[in-house]
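Note that the coordinates shown come from a computational prediction; the quantities given were computed from them, not determined experimentally.
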Amino acid sequence: MGKRRRVDERKAAKSGRSRRHLVLGGVAVAALGGGAVAVYTVFGAGASADDGSGGAEAVKSGPLSAGEVRTAATAFLTSWQKGTVTKAAAATDDSAAAKTALTGFAKDAHVKDVTLTRGKRSGDKVPFTVKGTVAYKGTEKPVAYASALTVVRAEKDGEPVVDWQPSVVHPDLDEGDRLVTGEAGTPPVKALDRDGGELTTEKYPSLGSVLDGLREKYGKKAGGKAGVELRIVRADPAQDASDGRSGTSESKSSENSTKSTGSGKEKAADKTLLELNEGTPGELRTTLSPSLQATAEAKVAATKRASVVVMRPSTGEILAAANSGSFNVAFQGSLAPGSTMKIVSSALLLDKGLASAGKVHPCPKFSSYGGWKFQNDDKFEIKGGTFKASFARSCNTAFISQAKELDDNSLTLEAQQVFGLGLNNWAIGVSSFDGAVPVQSAAPMAASLIGQGGVRMNPLNMASVVSTAKTGVFKQPYLVAPSVDGRTLATASRPLSETVRSQLRELLQYTAAAGTAAEAMSGLGPDYGAKTGSAEVDGQKEPNGWFTAWKGDLASAGVVQEGGHGSESAGPIVAALLRAGSGG
C-alpha cells in the first residue's frame, strides 16, 4: 500500500545491445497436428532460410536489402512455427532470451498448433500474425493476434537477424513479463460507478488499466471466483530494477536542463488476454461519476495525448479520470508540472513571509540563481506590481528571486507537510504515483519553484493540490472507499494556516477572473480558482500544457503533452468538466 509506482508515460527504449532476459517460461511452438507445415504454405513460394556461406568474410555492414529482411524474418518464423526453438532463437541477436521466451510460449502459455503468417515488409520491420490454440486441462480456445519483428545486422558478422524484443512473442509484453495459462491469479471484478452502473472499457475506453488494477487488488476481497485464462504476468520491479514504462524524463528551465529518473515502482497489474473459462465476478463500487467519466472520455478523445482527473475537494473522491493514450498518465504519469506548481511554491512563500498577495513583489525580465539565468515568457516584466499580479500572469522571476531566502529542503517540506505529496503513501485503490519534490540545491532548487527541476506530478496530484488550496486541508484522493478493505488514507501533518489559505484562494480566484486562466474559466465564478502552466521537455517542439482549477466542490487538473500553453490546451478540457459537474 505504501509503495506507489512512479512511471513516465513514454516506454524506455532499449539501450545499445544489452537487454534483460524475458521470462516467458517456454514456447517451443508445438508442431502442427500430425507434422510440420512446409514453409511455402505459410509464407509463400520463394521464402527460404538463410544458411550462411562458407569461408571467412568481412563483417557485413550498410543498410539491409529487402531480400535480407524477408529471409531473416522467414528463417525465424519458420523455425518458431515448427517448434525448433534453438534454431529460431539462433536467428535472433539474443539467442538466450529468445530461447527462454519461445520455450515458455508452449510450455507456460500452453499454445499449440501455431501458424505464423508473414505480412508485407516495411523497411526493416516485418508484421506477422499468430494463430493457435490455447489448451489447458481439457479446455481449448483459439487465439489470434498481430505482432511484428525488426531485422538488424548481427554485431559479430553483420548477417541479418531478428532484433529480439519480448513484444515479438506478443505486442503487450515488456521485459520480465511472462505469458501464462492457468487458473487466474485473482477472480474477476464487476466494477461499478457511484450510482451502481457497470464500468466497462466499451463504455469508457480509458479505464482499461484501472479495471485491471481493481481486479488485481480487490478480486479476492470482492467475493468472486477465479476462472482459467491466458494472461500476462507482469514483472516485479523489486526483482527487476528497470521497467519498460519507466525511464528518464528530462525537462528544461530557461536555458538549462535537469534530469529525473523514476523510482519507487510498484508491480503493474497483470493483463488477461483470453478467457478459457469465465470466473464468477465479485462486485466493487467505485467513486466514479458516470456522467463526468463519459464527459472526460469524450474531451480527451478529441485531443492528442491528453489526460484529466476530476475529484471532490471536501472528501477526496475521484469522480473521473481519462487519457487519450493507452498509458494511465492521469494516475501514474511523472511529468514536470510547470507553473501549476506555483500553487505549492506560493504557499511556501506566504508561509515564510516572503510574499503577500497585495504587496509589491519583484517581477523582472530575468533572475539568476545558482549559475542559471531564468526568464519570463516573452521576457515580460511587471514594474511595481503585486505578488497577486505576478501569480496571475505566471511570472517565473517572482519566484526565482526568492530562492536565496530558502533552504534546499523548503519546498520539499511544504509539499509533504501541507499538500501530502512525495511521501509515497497514497492508497487510492489502484496503483498511482504520488508526486515527487526532491531536495535540490543551487539552480535546480530554484527551478523546482516554477515546476521544473526535479519536480514530477500528474493530473491526480495537481487536482489534489488545487483541492488543498481551496479547502486548506489535504484529503487524499481515492477511487475505492477505504471502508471496503480497511486501508488507511494518507494525511498531511499540518493544514494551511487561515491567513495563507485565504491569500492562496485570492491568488487563484484572481487568476481565474483576470489572469492567464480567465478565458477558459469564463462564466464559472465566483466560487472558483485556477492556475495555468507549461513545462518544457527535452526532445519536444512544444511544452506540455497544464491547467488545474476548482469550481464549488469540484476540482480538476489536466495535461496535454506537447500542447503548448495550458490555457489553450488543457484549460478548455478542465473547464468543460467543471461546467458539466456543476450543471453550468
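For W426 and F419, the ring centers are positioned 6.0 Å apart or more. You'll find the ring centres of F399 and F387 inside the 6.0 Å limit.
The side-chain tip of R456 does not point at the ring of F433 from less than 6.0 angstrom away and within 45° of straight on. Figure legend: K551 and Y528 shown without cation-pi pairing, the cationic atom not lying both under 6.0 angstrom from the six-membered ring centre and within 45 degrees of its axis.
Here the rule is side chain to side chain donor-acceptor pair (under 3.5 Å) with S356, and of K388, Q503, H361 only Q503 fits it. When each of R305, K304, Q540 is tested with Q561 by the rule side chain to side chain donor-acceptor pair (under 3.5 Å), just one qualifies, namely R305.
Judged purely by distance below 3.5 Å, without hydrogens or angles, the side chains of N396 and S394 never pair a donor atom with an acceptor atom. T499 and S497 are not linked by any side-chain donor-acceptor pair at a separation below 3.5 angstrom, with hydrogens and angles left out of the test. In the model, S493 has no side-chain atom that pairs as donor or acceptor with a side-chain atom of Q417 under 3.5 Å. Looking only at atom types and distance, the side chain of T532 has a donor-acceptor partner in the side chain of T516 under 3.5 Å away. A side-chain donor from one of T315 and E317 sits under 3.5 Å from a side-chain acceptor of the other.
For the pair Q293 (side chain) and A321 (backbone), a donor-acceptor distance under 3.5 Å is present. Put simply, the side chain of Q402 never gets that close to the backbone of L349: no donor and acceptor are under 3.5 Å apart.
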Could you walk me through whether S339 and K531 pass the side chain to side chain donor-acceptor pair (under 3.5 Å) check? CA-CA 8 Å; S339 290; K531 185 70 189 78; 4.6 Å; no

Side chain to side chain donor-acceptor pair (under 3.5 Å) evaluation trace for D408 with S410: CA-CA 6 Å; D408 289 346; S410 293; over 6 Å; no

Quick one: do Q332 and S431 satisfy side chain to side chain donor-acceptor pair (under 3.5 Å)? Show the steps, please. CA-CA 7 Å; Q332 295 180 305; S431 180; 3.1 Å; yes

In sequence, state the C-alpha distance, the side-chain angles, and the governing distance for N323 and S307, and then conclude on side chain to side chain donor-acceptor pair (under 3.5 Å). CA-CA 4 Å; N323 305 277; S307 300; 2.7 Å; yes

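For the residue pair E198 and L192, the shortest heavy atom distance occurs at CA-CD2, 3.9 Å. Between V430 and G213, the shortest heavy-atom distance links the atoms CG1-C, 3.8 Å.
A salt bridge links E414 with R494: the distance from a Lys NZ or Arg NE/NH1/NH2 to an Asp or Glu carboxylate oxygen falls below 4.0 Å.
Residues L411 and L406 fail the side-chain proximity criterion, which asks for heavy atoms closer than 4.5 Å.
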